[in-house]
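The structure appears right after this line, and notes come after that.
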Amino acid sequence: MTPSIQNKIKELFCSRGLSLSAAESCTGGQISHLLTGVSGASGYYLGSVTSYAVSVKETVLGVDPDAIRINGVVSSQVAIQMADGVRRLTGSDYAVSTTGLAGPGGDERNAEGTVWIGVSGPRSSRAVCKVFKGDRARNIRHFADCALKELYKFVLEDIR
């Protein structure tokens, strides 16, 4: 049986003495739920900010209001700033973030099912965009799973 991505993350972070935090918007805590569903998550997972409101993204996570105004809340710039912000806030080594449109409906810039995933570490930050086709609940599950996979890949590349 293949270990879940959550178990792989736990093993990687615990074996290296690394810490993790999350900033979630469109996933509404699903990433935290998945991570803390594995026994021993307290050994590396510091916590999260569920920043559904723009005001929380700006005041708690430090997202630049101009980034939101110019690029939209569902954008690479906001995803990166959310990840960087929660990493600063918690003091974690790495962070992951999500901002997107789970549905129903999209907006003028993004289709329904669009998610930007931000990952942040001591040396760099980046964002990736994914688009899924499903109902709201399915999209949220896909967003969270994909975010954990992107985080895992990012950390493996970063520690090499």
Side-chain angles (χ1 to χ4, degrees), residues 1-54 56-64 67 73-102 113-132 134 136-160:
M1 185 166 128
T2 304
S4 69
I5 190 64
Q6 301 94 295
N7 280 303
K8 289 179 178 181
I9 289 170
K10 175 191 166 193
E11 183 180 315
L12 175 62
F13 276 73
C14 288
S15 70
R16 300 277 183 154
L18 299 170
S19 58
L20 174 64
S21 60
E24 301 187 62
S25 185
C26 58
T27 47
Q30 183 69 20
I31 291 170
S32 295
H33 174 73
L34 291 172
L35 291 171
T36 60
V38 174
S39 179
S42 62
Y44 73 95
Y45 186 59
L46 302 182
S48 70
V49 173
T50 302
S51 58
Y52 218 66
V54 169
V56 174
K57 288 174 182 66
E58 293 173 353
T59 61
V60 176
L61 296 175
V63 174
D64 182 356
V73 73
V74 180
S75 65
S76 62
Q77 295 84 354
V78 171
I80 289 169
Q81 289 184 30
M82 287 173 64
D84 288 344
V86 77
R87 196 164 71 80
R88 273 191 311 273
L89 183 67
T90 63
S92 64
D93 297 304
Y94 291 90
V96 61
S97 69
T98 56
T99 183
L101 298 164
T114 300
V115 64
W116 277 97
I117 298 163
V119 285
S120 176
R123 290 187 273 198
S124 66
S125 302
R126 73 176 181 223
V128 297
C129 183
K130 302 286 184 176
V131 180
F132 295 95
R136 183 177 180 81
R138 185 174 303 190
N139 282 340
I140 290 169
R141 286 191 304 272
H142 285 310
F143 293 176
D145 188 52
C146 188
L148 292 177
K149 290 174 182 171
E150 288 297 329
L151 167 72
Y152 186 72
K153 183 169 59 172
F154 177 81
V155 175
L156 284 179
E157 292 169 5
D158 196 55
I159 61 176
R160 285 196 173 121

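Hydrogens, waters and symmetry mates play no part in the numbers below; they use all other heavy atoms, side chains included. Just so it is clear, the structure is predicted and the values come from calculations on it, not from any experiment.
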Could you verify whether a donor N or O on one side chain and an acceptor N or O on the other, from Thr98 and Ser25, lie under 3.5 Å apart?
no

Quick one: closest heavy-atom pair of Ala102 and Ile140, and the distance?
CB-CG1, 3.7 Å

Starting at CD of Gln30, measure out to CG of Asn139 and round the result to the nearest 0.5 Å.
12.0 Å

If I compare all heavy atoms of Val38 with all of Lys10, which pair ends up nearest, and what's the gap?
CG1-CD, 3.7 Å

Does some side-chain heavy atom of Lys130 sit less than 4.5 Å from a side-chain heavy atom of His142?
no

State, yes or no, whether a side-chain contact exists between Tyr94 and Leu18 at a heavy-atom distance under 4.5 Å.
yes

Apply side-chain contact (heavy atoms from CB on, under 4.5 Å) to residues Val49 and Glu24 and explain how you reach the verdict.
CA-CA 6 Å; Val49 173; Glu24 301 187 62; over 6 Å; no

Measure across Ala22 and Ile31 and return the closest heavy-atom pair with its distance rounded to 0.1 Å.
CB-CG2, 4.3 Å

Working note: Cys26 + Val115, criterion side-chain contact (heavy atoms from CB on, under 4.5 Å); need CA distance, chi angles, decisive distance, verdict.
CA-CA 8 Å; Cys26 58; Val115 64; 3.8 Å; yes

Any non-hydrogen side-chain atom of Ile159 less than 4.5 Å from a side-chain atom of Arg16?
yes

Which heavy atom in Arg138 sits nearest to a heavy atom in Gly134, and how many Å separate them?
CD-CA, 4.4 Å

Partner of Ser120 under side-chain contact (heavy atoms from CB on, under 4.5 Å), chosen from Ser125, Ser21, Ser92:
Ser125

Straight-line distance of Gln81 CD to Leu61 CG, nearest 0.5 Å:
10.0 Å

Keeping Ser19 on the side-chain end and Asp93 on the backbone end, is there a donor-acceptor pair under 3.5 Å?
yes

To the nearest 0.5 Å, what is the distance between SG on Cys14 and CD1 on Ile9?
11.5 Å

Could you check if a side-chain atom of Phe13 sits within less than 4.5 angstrom of a side-chain atom of Tyr45, using non-hydrogen atoms only?
no

Side chains of Leu20 and Val155: does their closest heavy-atom pair fall under 4.5 Å?
no

Residues Asp145, Lys149: salt bridge by 4.0 Å N-O rule
yes

Could you go through the side-chain contact (heavy atoms from CB on, under 4.5 Å) check for Lys57 and Val73 one step at a time?
CA-CA 9 Å; Lys57 288 174 182 66; Val73 73; 3.6 Å; yes

Quick one: list whatever passes side chain to side chain contact (heavy atoms under 4.5 Å, CB included) with Arg126, sequence neighbours left out.
Val119, Lys153, Phe154, Glu157

Is any side-chain heavy atom of Val78 closer than 4.5 Å to a side-chain heavy atom of Trp116?
no

What's the separation between atom CZ in Arg141 and atom CZ in Arg136, rounded to the nearest 0.5 Å?
12.5 Å

Checking side-chain contact (heavy atoms from CB on, under 4.5 Å) against Thr99, which of Val63, Ile117, Thr27, Val74 comes through?
Val74

Less than 4.5 Å apart, any side-chain heavy atom of Glu150 and any of Val96?
no

Are the side chains of Leu151 and Ile5 in contact, using a 4.5 Å heavy-atom criterion?
no

The test is side-chain contact (heavy atoms from CB on, under 4.5 Å); show your working for Leu35 and Tyr44 and say whether it passes.
CA-CA 10 Å; Leu35 291 171; Tyr44 73 95; 3.4 Å; yes

Checking the side chain of Ser97 only, and the main-chain atoms of Ala79 only, is there a donor and an acceptor separated by less than 3.5 Å?
yes

